[in-house]
Amino acid sequence: MQQYVQEKKTVALGAGFSMFGYVLSTVMGLLTNVILYWRFDHSQASSELNIWIIAFSFFAILEPFARLGLSDGVQRFIGVHWVDEDWGRIKGVIKGAFQLSLAASVVMIACVFFLAPHIASHYLKGQEATHTLCKVLRSLSLYLIPIALTTISLAVLRALNDIRHSVWIETLCQKFGWLMVVILVGFLPPSENRIMGLACGMVLVNLLSFLISAKCFVKAAPKLEGVSPIYDRRALFFFSVPLVLQAAILVFMKKCDIMMLGYFHNAENYVSQYNAAGISTLIIANILLAYSSLFAPMIAKISKEKDYRRMNELYKTVTRWMLYVTLPAAGMMLLFPAQILSVFHLSPDQMLISTLRVLVCAQIVSTLAGHSGTMMIMSGYSRMILYINILAVFANVLLNLLLIPPYAMVGAAIATLAAITIRNALAVVCTAIFVKSQPFSLSTVTISLTAALCGVLAYFAFNYVNSILPDTRLFCHWAFQLILAGALYAGISFS
């Protein structure tokens, strides 16, 4: 029992520090995207911002293949060898991961460089921006090497329980560096070179992040110095191969809606609008990532001891904590979507508002399921999660093909919600069967019902105040929404 209490404190402290970092990261990420929408043209389907979104979504799908799923594999293997204090094998895991990732990144860059003209011409179907998209794809491909190596370095830091440095690198180096790039490039005169400047800036920011993270994990594990690495690349590779497909499938499930929306509706300006709705829900996604910072390596260590009771209690506790934090944010997005979307210099119509609400519901489903996928992966059931994700992505693609042509953005959002629900439901069932753990408890039901009640009260209260205050007094509206957010959070906290 004392050990479980200590584990809860460790996760709470790590998640608390991670939460602080992710709050800063989320704020800077939102600010970066707001500047992108304000400074870059997104009025047409072939405008520079839409070209950037399409190119970046394409590389988001390719990035897992450059990383080879090694970030989760590194955390798993370091967590297992840490228990035995086998420093030679830990060093071999780290160096082997870098070598495998570097080779995969070079192969991916070569493929993109030669296939970029065909990809651009096929996707944009002969539009004027085809040449621009080709150049952006080739330039942005270079970022695959530093981002893959940085991701592995940060995974090493988390596995070594050095959450502080991993958070600062992700927040200050990556997010703040990218924000500075967007600000500098955004104030240049509109031209094709601005998009190329974004691509080059992305490469430089991630290269700097890798150099700093590599230096940090060398200091975090002084016992690795002078130790000869014991390589087991085969075991690391074959453990991570299912994770490659899993990560690619998850990213594809997140980005294929944008890619397919731009393909089927390339004459309409839906890509940038749908992307803004997705960005708005990032605060919930970042909260889930914050709690995963220490949860994953701790589950890896506990799973080796086969202590399912501790795993179950830790799983339930972390899920309950996530609900405390995510439901107020989700409630505000469901209640006031138009005000949130207006930040992106958009005039939201009913289609865009409905799209945001559906995407928020998808994030709520992910929160209720907790880190079921992490539980399975860190317990050695990565192939099972792979099969679940394959099923979910097939459902997502099929629903996108059926719903995007007639319903555009709302159809893409519904397809995403359905795929996420399928994935999380199956993952929760498999976690209960194979790991003997499940995220639900009386507290989760109480928190959810209290959040729903607070949301209904907040909705009627806002409508009453909205009937008194004129629409021109925007400051009063935002101030009242912040008060409602605090009341909603307080209601959940005391449930």
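Positions are given from 1 along the sequence.
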For the residue pair Cys430 and Ile388, what are the closest heavy atoms and their distance? SG-CD1, 3.7 Å
Under the side-chain contact (heavy atoms from CB on, under 4.5 Å) criterion, do Ile364 and Thr326 qualify, and how do the steps go? CA-CA 8 Å; Ile364 293 175; Thr326 57; over 6 Å; no
Quick one: OG on Ser366 to CG on Asn424, what's the gap to the nearest 0.5 Å? 4.5 Å
Could you measure the distance from the CZ atom of Phe65 to the SG atom of Cys111? Nearest 0.5 Å is fine. 11.5 Å
For Val74 against Leu236, the heavy-atom pair lying closest together: N-CD1, 4.2 Å
Would you say Thr150 and Asn206 are linked by a side-chain donor-acceptor pair, where the criterion is simply a distance under 3.5 Å? no
Student check: side-chain heavy atoms of Met108 and Ser141 closer than 4.5 Å: no
Identified side chain to side chain contact (heavy atoms under 4.5 Å, CB included) partner of Phe394 from the options Leu398, Ile390, Val397, Leu391: Ile390
Mind running salt bridge (charged side-chain N to carboxylate O under 4.0 Å, His left out) on Glu63 and Arg67 for me, showing each step along the way? CA-CA 6 Å; Glu63 184 185 321; Arg67 289 189 281 111; 3.3 Å; yes
Side-chain touch Gln438/Lys316, heavy atoms, less than 4.5 angstrom: yes
Please report the closest heavy-atom contact between Ser139 and Met196, naming both atoms and the distance. OG-CE, 2.7 Å
Trace of the side-chain contact (heavy atoms from CB on, under 4.5 Å) decision for Val181 with Met202: CA-CA 8 Å; Val181 169; Met202 176 70 75; over 6 Å; no
Compare all side-chain heavy atoms of Gln174 with those of Leu154 and state whether any distance is below 4.5 angstrom. yes
Which heavy-atom pair separates Phe113 from Arg138 by the least distance, and what is that distance? O-NE, 2.9 Å
When you compare the side chain of Leu36 with that of Leu198, does any pair of heavy atoms fall below 4.5 Å? yes
Please check: side-chain N/O of Asn396 versus main-chain N/O of Ala392, any donor-acceptor pairing under 3.5 Å? no
Heavy atoms only: give me the nearest Val205-Cys173 pair and the separation to one decimal. CG1-O, 3.4 Å
Donor-acceptor under 3.5 Å (Ser101 side chain, Ala66 main chain): yes
Does the plane of the ring in Tyr143 sit parallel, tilted or perpendicular to the ring in Phe56? Use 30° and 60° as the thresholds. tilted
What pairs with Arg89 under salt bridge (charged side-chain N to carboxylate O under 4.0 Å, His left out), at least two apart in sequence or on another chain? Asp86
Taking every heavy atom of Cys216 against every heavy atom of Leu157, the minimum-distance pair comes out as C-CD2, 3.9 Å
I'd like to check Leu359 versus Leu417 (side-chain heavy atoms, cut-off strictly below 4.5 Å). Are they in contact? no
Leu207 meets the side chain to side chain contact (heavy atoms under 4.5 Å, CB included) criterion, sequence neighbours left out, with Pro146
Rounded to the nearest 0.5 Å, the CD1 atom of Ile183 sits from the CH2 atom of Trp178 at a distance of 11.5 Å
Can Tyr37 and Asn275 be counted as having a side-chain donor-acceptor contact under 3.5 angstrom? yes
With rounding to the nearest 0.5 angstrom, report the CD1 to CG distance, Ile51 to Leu137. 9.0 Å
So do the side chains of Asn389 and Arg423 get within less than 4.5 Å of each other, counting heavy atoms only? yes
With side chains defined as the heavy atoms from C-beta onward, is the minimum distance between Thr431 and Tyr315 less than 4.5 Å? yes
At what distance, to the nearest 0.5 angstrom, does CD1 of Ile147 lie from CZ of Phe210? 11.5 Å
Is there a side-chain contact between Thr130 and Leu133, using heavy atoms and a 4.5 Å cut-off? no
Output for pair (Ser209 OG, Ile169 CD1), nearest 0.5 Å, gives 7.5 Å
Spell out, as yes or no, whether a donor-acceptor pair under 3.5 Å connects the side chain of Thr32 to the backbone of Leu30. no
Checking Asn50 side chain against Ser272 main chain: does a donor-acceptor pair fall under 3.5 Å? yes
